[in-house]
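In what follows, a structure is listed as structure tokens, so that the remarks can point back to it.
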Amino acid sequence: MAPIASLFSGIASSRIVEVFVASVLPFVENKGAILLAASLKLKWYLAFLASSVGAYLPVPFLLKAKPKKLTAHVRSASRMLPGSVAKPRAFIRKCLRKYGHWGIFLAVSVPFTGVGCWLSAIVANLAGINKRYSALAILLGTLVSSLITTLAVYGLISGVSYLFGL
């Protein structure tokens, strides 16, 4: 039990909280949080864990939200950020029509599409997709996206450090 307690002590715990909070934010989610974790020199497995849990945290609430209320919030966000919501939403709808729940998984798991947990959960809710399958597809997509991003970011940092002898 002591090694686990030492992971979450002192300075590391404040960095974990920062990464967790960043990953809960829409559009930042796990991709931006892992970049933050790398810049804070957090261990890769802590970055993966904190960002994955934080990114997935809002999903059950978004899937349970009333579609009417959710539509009003999406419309106001679309007016404020027109390009950032419309293109990813169209991408998710196309994936949903073509692949079903696997489309949600695909949309979330590819890290650099601009689609994340928030948008996928909102679109799945508004489209009336089965909430249980949507939640599972988003969870698996989040884990895959976090893994790909973690490997890319921490692998790039390790490669550059090795190349320059840092």
Side-chain angles (χ1 to χ4, degrees), residues 8 13 15-38 40 42-154:
F8 298 105
S13 65
R15 292 184 290 175
I16 292 170
V17 170
E18 290 175 27
V19 170
F20 177 79
V21 169
S23 67
V24 174
L25 299 172
F27 300 109
V28 174
E29 296 183 2
N30 57 353
K31 298 115 183 144
I34 290 170
L35 288 170
L36 173 65
L40 293 173
L42 201 61
K43 301 277 188 205
W44 68 268
Y45 50 88
L46 294 175
F48 174 80
L49 184 65
S51 66
S52 297
V53 171
Y56 188 75
L57 182 68
V59 170
F61 301 106
L62 291 169
L63 288 174
K64 287 183 181 181
K66 300 209 182 296
K68 219 176 214 185
K69 195 168 190 172
L70 204 52
T71 303
H73 289 296
V74 169
R75 283 196 183 129
S76 65
S78 295
R79 275 185 248 124
M80 292 185 328
L81 307 164
S84 63
V85 174
K87 286 182 183 179
R89 186 171 52 184
F91 176 71
I92 294 172
R93 285 189 177 165
K94 180 181 167 187
C95 287
L96 274 174
R97 270 187 248 117
K98 194 169 184 179
Y99 302 111
H101 293 96
W102 289 108
I104 295 174
F105 167 76
L106 181 67
V108 177
S109 65
V110 178
F112 307 109
T113 60
V115 175
C117 301
W118 280 76
L119 201 54
S120 297
I122 290 169
V123 171
N125 187 342
L126 295 178
I129 306 296
N130 183 311
K131 292 176 186 346
R132 192 172 278 170
Y133 289 128
S134 297
L136 182 61
I138 294 170
L139 174 64
L140 293 174
T142 301
L143 293 174
V144 169
S145 174
S146 294
L147 182 64
I148 292 170
T149 307
T150 301
L151 291 173
V153 169
Y154 281 86

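Model, not experiment: these values are computed from the prediction.
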Item checked: Check against side-chain contact (heavy atoms from CB on, under 4.5 Å), W44 and L151 -> CA-CA 8 Å; W44 68 268; L151 291 173; over 6 Å; no
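- Remark: T149 pairs with no residue by the side-chain hydrogen bond (donor to acceptor under 3.5 Å, both in side chains) rule, at least two apart or across chains.
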I'd like a table of donor-acceptor pairs (distance under 3.5 Å, sequence neighbours excluded) in which one partner is a side-chain atom from residues 58-66, with atom names and distances.
none

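- When all heavy atoms of V24 and W118 are compared, the closest pair comes out as O-NE1, 2.9 Å.
- One finds the CG atom of L143 at 9.0 Å from the CZ atom of F105 (value rounded to the nearest 0.5 Å).
- Separation of atoms CD1 (I129) and OG (S120) is listed at 11.5 Å; rounding is to 0.5 Å.
- At least one side-chain heavy atom of Y154 sits less than 4.5 Å from a side-chain heavy atom of I34.
- Nearest approach of A22 to V28, heavy atoms of both residues: O-CG1, 3.3 Å.
- Heavy-atom minimum distance, V108 versus G116: CG2-O, 4.0 Å.
- The one candidate from I148, T142, V144 that meets the side-chain contact (heavy atoms from CB on, under 4.5 Å) condition with S146 is T142.
- Summarising the geometry of F20 relative to V53, their closest heavy-atom pair is CE1-CG1, 3.8 Å, with the distance given to 0.1 Å.
- I104 contributes atom CD1, which lies 11.5 Å from atom CG of L140 (distance to the nearest 0.5 angstrom).
- Note that CG of L36 and CG of N30 are 12.5 Å apart. Values are rounded to the nearest 0.5 Å.
- At a cut-off of 3.5 Å, with distance as the only test, no side-chain donor of S51 or S23 sits close to an acceptor on the other residue.
- Evaluation of the ring-ring contact (aromatic ring centres under 6.0 Å, His included) rule for F48 yields no partner, not counting sequence neighbours.
- Shortest non-hydrogen contact noted between K31 and S145 is CE-OG, 3.4 Å.
- The minimum heavy-atom distance between V19 and A47, with the atom names listed, is CG1-O, 4.4 Å.
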